[in-house]
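Here the structure comes first, spelled out in C-alpha cells, and everything after it is commentary.
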Amino acid sequence: MAIRKVGVIGCGLMGHGIVQVAAQGGCDVVAVEADQAALDRGLGRIEKSLAKLAAKQVEKGKLAEDAAEAFVKETRGRITGSLERSAVADCDLVVEAIVEDLDAKKALFAELNGICKPETIFASNTSSFPIGEMGSASGRPQNMVGLHFFNPVQLMRLVEVVRTDDTSEESFAAARAFGEACGKTPVSCKDTPGFVVNRLLVPYMVQALMMLDRGDASKEDIDAAMQLGCGYPMGPITLTDYVGLDTTLSILKGWVDRYPDEPAFAIPRSLEEKVAAGKLGRKTGEGFYVWEGDKKR
Ligand code: 3HC
C-alpha cells in the first residue's frame with residue numbers, strides 16, 4: 001500500500017517536523033491541532049525551517065534561488081491545517097505526535113478507528129510506550145506500527161519502525177517505505193521499552209544528570225567531556241534540554257512504574273525539581289541551561 005496522504009495529530013516539537021518531512025517526501029499532509037494558536041505555531045515553525053533549508057541549499061550552490069523558492073512553495077502547498085480530527089478520515093497513514101500520555105494515545109486511536117477508512121495505517125511517534133497496547137485500543141492491531149522520529153526531525157536521519165506481534169507485513173512495509181520517502185534511514189525494532197535509541201540514550205542521560213546531582217562535575221564539563229572525548233554533537237545535559245525535561249521525565253516515570261527491577265531506569269532528583277518548577281528545557285527558555293534561541297548559558 002503506497003502512502004500518499006498522511007494525517008499528523010499534534011503539531012508541536014516533533015509533530016511539526018513530521019508534517020514537514022512527509023510533505024518534503026511528496027505526501028499531502030493534514031496537520032491537526034487542538035487549538036488555532038498551537039496550529040499557527042506549528043505551521044510557523046515549518047515555514048521557518050523550510051526557509052532555512054532552502055537558504056542553505058542556495059548557499060551551497062545545490063539549488064538556484066528560483067528552484068529553492070519553488071521547493072518551499074510546493075512543500076508548503078502540500079500541507080493543510082485543521083482543528084478537526086475528522087479531517088484525517090481518508091488518510092493512508094495517521095501519525096500520532098501528541099503528549100506522552102499512554103491513556104491519551106489509546107483514546108485517540110480508539111477515536112480514529114471510528115473516523116478513518118478501514119485500511120488506514122496508524123502510527124505512534126511515542127518514545128517509550130508499548131505500541132501493542134495502542135494497537136489493541138485502536139481495534140485494528142494489524143494496522144498499528146511505531147514510527148519514532150528524532151529531534152530535530154528535519155535534520156536527524158533515522159526513523160525507528162516498530163512492529164508488534166500483530167502488525168501485518170503490509171503495514172510494516174508501507175511504514176518503512178514512508179520513512180524512506182521522508183528522507184530517513186529506517187531501522188526495524190521490536191516493541192520493547194525505548195526501542196533501540198532511547199533504551200541506550202535515556203539511561204546515559206540519567207547517568208549524566210546523576211553525576212551533576214552528586215556534584216562530580218559541572219554541566220559544562222560533562223557536556224564538553226562527551227562532545228570532545230567521544231565526538232557526540234551535543235553533550236548529555238544540553239541534549240536533555242533539547243529533548244525537553246518533561247518528555248524525559250515522563251519516559252522515565254513510565255519505565256520505573258513498569259519495570260521497577262531495571263536499575264538503568266531511575267529518576268534523577270534535579271530532573272524532577274526542574275520539571276516541577278516549569279523549567280522544561282530549550283522550549284521554555286530554561287532547563288539546565290538558560291536559552292536564547294540556539295544560544296545557551
Ligand atoms: N530546520 C532546518 N534547519 C535547522 C533546524 C530545523 N529544524 N534546526 C537547525 N537547523 C539548521 C541550523 O540553523 C544550522 O544552520 P546554519 O548552518 O545555516 O547555521 C544547521 O541546521 C546546523 O545547526 P547548528 O548550527 O545548530 O549546528 P549543529 O551542527 O550542532 O547541528 C544538531 C544541530 C543537528 C541538532 C546537532 O547538534 C545534533 O545532531 N545534536 C544531537 C541531536 C540528537 O541527539 N537528537 C536525538 C534526540 S533523542 C530523540 O529525539 C528521541 C526522543 O524520543 C527522546
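Order of appearance sets the numbers: ligands from 1, and atoms from 1 within every ligand.
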message = Tell me the nearest of Gln154, Glu100, Lys52 to atom 4 (C) of ligand 1, using heavy-atom distances.
response = Lys52

ask   = Do any N or O atoms from the side chain of Asn151 and from the backbone of Tyr242 form a donor-acceptor pair under 3.5 angstrom?
value = yes

remark   = Heavy-atom nearest pair, Arg176 first then Val187, reads NH1-C, 4.3 Å

Those atoms of ligand 1 less than 4.0 Å from some heavy atom in Met234 = 35 (C), 37 (O), 40 (N), 41 (C)

ask   = With the threshold set at 4.0 Å, does a side-chain nitrogen-carboxylate oxygen contact exist between Glu262 and Arg199?
value = yes

query = Going by the atom numbers of ligand 1, which of them fall below 4.0 Å from some non-hydrogen atom of Pro233?
reply = 36 (C), 37 (O), 38 (C), 39 (O), 40 (N), 41 (C)

message = Suppose I only count heavy atoms of Pro152 and a 4.0 Å limit; which atoms of ligand 1 are within that range?
response = 35 (C)

inquiry  = Under 4.0 Å from atom 45 (N) of ligand 1, can you find at least one protein heavy atom?
reply    = yes

ask   = Any chance the side chains of Gln24 and Thr75 put a donor and an acceptor closer than 3.5 Å?
value = no

ask   = Do Lys219 and Tyr289 meet the cation-pi criteria used here (NZ or CZ under 6.0 Å from the six-membered ring centre, within 45° of the axis)?
value = yes

message = If the threshold is 4.0 Å, N to carboxylate O, is there a salt bridge linking Arg163 and Glu169?
response = yes

ask   = Can you list the ligand 1 atoms lying under 4.0 Å from a non-hydrogen atom of Phe150?
value = 49 (C), 50 (O), 51 (C)

ask   = Going by the atom numbers of ligand 1, which of them fall below 4.0 Å from some non-hydrogen atom of His148?
value = 51 (C), 52 (C), 53 (O)

query = Under 3.5 Å, N or O to N or O, is Lys56 touching ligand 1 that way?
reply = yes

ask   = Just to confirm, does any protein heavy atom lie below 4.0 Å from atom 54 (C) of ligand 1?
value = yes

query = Are Asp294 and ligand 1 in contact, using a heavy-atom cut-off of under 4.0 Å?
reply = no

request  = Assess Lys274 against Phe288: is NZ or CZ under 6.0 Å from the centre of the six-membered ring, and within 45 degrees of the ring's axis?
outcome  = yes

ask   = Which atoms of ligand 1 have any heavy atom of Val243 under 4.0 Å away?
value = 47 (C), 48 (S), 54 (C)

key: Any protein heavy atom nearer than 4.0 Å to atom 23 (O) of ligand 1   = no

ask   = Does the distance from a Lys or Arg side-chain N to an Asp or Glu carboxylate O, for Arg41 and Glu33, drop under 4.0 Å?
value = no

Per atom 48 (S) of ligand 1, closest listed option by heavy atom (Val197, Val153, Leu201, Leu158) = Leu201

query = Does atom 30 (O) of ligand 1 have any protein heavy atom closer than 4.0 Å?
reply = no

query = If you measure from atom 10 (N) of ligand 1 to every heavy atom of Asn198, Leu155, Thr247, Thr248, which option wins on shortest distance?
reply = Leu155

